[in-house]
Amino acid sequence: MKKAPQAVVVGIGQPHAGDDAVGIQVARTLAAEGFTTCECEDATRVLELLSDGERVVVIDALVGGVVGAVVHVHPDALKTEVPPVSSHGLSLAQAIGLARTLYGEDILTRLDIVGVGIDRPRAGAHGLSHAVRKAVAPAAELVRRLASHRHHHADVARWA
Amino acid sequence: MSTRTITVENLARVEGEGALTLVMEQGRVTQAKLRLFEPPRLFEAVLQGRSCLETPDLTARICGICPVAYQMSACHAVEDALGVKVGGALRELRRLLYCGEWIESHVLHMVLLHAPDFLGVPDVMALAKVAPERVKGALAIKKAGNAIVATLGGREIHPVNARVGGWHRVPAKAELEALLPALRAARAEAEQTLDWVAGFDFPAFERDYELVSLKHPREYPMNEGRLVSTSGLDLDVREYRSHFVEEQVDHSTALHSRIIGRGGYQCGPLARLVNNFELLTPGALAAARRVGLDPSCRNPFRMLVVRGVETIYALDEALRIIGSYAPPEAPSVPVTMKAGTGQAITEAPRGLLYHRYVLDEAGLVRAAQITPPTSQNQRTIEEDLFALGGALAAMPLEAATRYAEHAIRNYDPCISCSTHFLTLRKEPGE
């Protein structure tokens with residue numbers, strides 16, 4: 001059986017906003033292992049990668065859940081009521097919504113989203129809180145597994 | 001008396017936090033205030049005491065859409081103070097970096113932000129359903145522009161490779177040539193995008209603007225040139241403060257600029273095109289003529305089309321620069337600190353960006369002035385809304401609100417930072 005190509009790992013976050021940087025930290029962990037990664041402050045790059053036919057695993061901070069929880073998120077679970085686009089970039093929900101409209105629902109077979117629960121971003125803060133820092137290793141493990149193997153969302157289990 | 005007030009609490013699809021209040025009485029606008037309430041960011045004060053060599057990277061942080069413009073104006077102004085001349089391939093690479101920013105900024109605004117106004121849809125999500133190929137094309141063009149900035153600048157947003165005196169590192173010829181396929185594809189896509197936007201319905205609205213831009217004897221202006229206007233200004237950029245003044249107004253955290261003794265003016269794509277029409281590349285010139293643009297244009301709604309022509313120009317120019325590129329012997333020229341005052345204006349996608357620095361003997365910034373294009377256009381935007389008063393007064397509230405926002409977005413105002421939903425409030429007549 002032909003091995004599926006490794007996915008691009010996209011870490012979304014703001015390095016100077018406290019726990020919002022957790023996606024960046026996970027991406028850097030995997031970059032050190034040789035994964036193809038990119039770091040972004042918004043999700044425009046996700047749209048570009050999907051339009052290029054790449055398989056993508058997004059790792060981002062999640063507000064509103066259990067702090068430090070690692071969650072495999074189905075794209076439909078993202079907030080669908082998206083605001084008008086800003087010229088500063090796209091939210092993840094916007095990027096995925098645009099990709100679905102422009103390239104069809106099939107793009108979902110090339111997309112996984114992993115979230116790490118945080119309390120809230122903190123402007124000007126550097127470094128992760130203790131609870132979120134502890135989540136970096138399990139989040140990296142999940143992203144590593146997803147990036148290495150093709151799967152379908154029907155197989156997705158909720159992680160916590 | 002019939003009084004109607006339109007309040008847009010947060011302007012969407014513009015850069016940053018702003019709002020609009022229009023008061024209409026007896027079928028005319030009696031008050032138009034573009035309220036920019038984003039807190040002052042005090043960059044000019046932050047720069048004081050810092051090395052002049054830091055100004056390109058510090059000021060780039062003012063904007064995530066046009067960081068190149070801030071870097072370029074800072075570099076040129078500091079070099080003016082220090083007596084540094086940057087030429088040859090180093091200068092060409094700066095122009096190439098600017099091409100990348102013009103491409104990605106213009107196409108983002110044209111298609112993702114402004115086209116929805118013309119097609120009567122709320123945003124790009126809805127636009128993607130009615131014109132998916134155009135949105136795909138715009139994303140491809142934007143990506144090509146971003147690739148230039150990433151290759152030359154080290155990353156797409158807030159690039160880090162430009163410096164006073166040139167560059168930290170210059171690319172190999174092969175690195176730039178790798179950009180060519182995407183740029184050529186974007187060039188073809190840009191023609192289609194231009195023809196698409198040129199087919200929109202444009203309000204029959206014109207004003208006798210004083211259009212101010214740079215003008216260079218041999219090239220469509222980006223980094224250098226004299227400051228000229230359609231009313232006869234022809235200045236060295238060092239004379240800027242003798243002819244232009246910034247003023248505080250009570251409803252905005254941004255200063256309003258005006259020409260001393262004259263008033264408001266317009267800078268940006270339309271001003272550049274009108275003052276430099278003959279300096280477009282042959283391909284961009286032909287495209288402009290095909291869509292009916294010429295130096296007589298004074299319709300701000302057609303700035304959308306002008307951006308399309310400038311996108312083609314920037315792609316042509318990028319292809320030319322890459323084609324003729326030969327890496328320089330050194331990535332920068334020597335820079336020696338000394339006391340002095342330097343000024344520069346470059347053409348940000350949205351218009352003139354003025355920087356002025358006073359340096360001490362060690363090259364530390366003692367005073368800084370940064371005048372961005374949006375503050376220069378702010379008075380003119382308000383004057384446009386006054387002039388549109390009759391049409392706005394005749395419209396239902398929702399349509400008038402949309403139309404007023406549409407008119408503001410002609411200027412692609414860059415207030416900076418976040419964008420929000422609109423909240424409308426209608427006050428009863430008094």
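So you know, we letter chains A, B, ... as the sequences are listed, proteins then strands, and number each from 1.
Within the model, atoms CG of B:L127 and CG of A:L98 stand 9.0 Å from one another, a figure rounded to the nearest 0.5 Å. We find the CZ-NZ distance between A:R45 and B:K143 to be 6.0 Å, quoted to the nearest 0.5 Å. With rounding to the nearest 0.5 Å, the separation of CZ in B:R155 from CD in A:E39 is 10.0 Å.
The environment of CZ in A:R120 is sparse: at most 12 heavy-atom neighbours from other residues, nucleotides or ligands sit within 6.0 Å. Counted within 6.0 Å of NE2 on A:H130, heavy atoms from surrounding residues, nucleotides or ligands total 12 or fewer; the atom is thus considered open. Atom CZ of A:R144 sits in a crowded spot, with more than 12 heavy atoms from other residues, nucleotides or ligands closer than 6.0 Å.
Looking only at side-chain heavy atoms (C-beta outward), B:L139 and A:E48 stay at 4.5 Å or farther from each other. Put simply, the side chain of A:L102 does not reach to within 4.5 Å of the side chain of B:E133, judged on heavy atoms.
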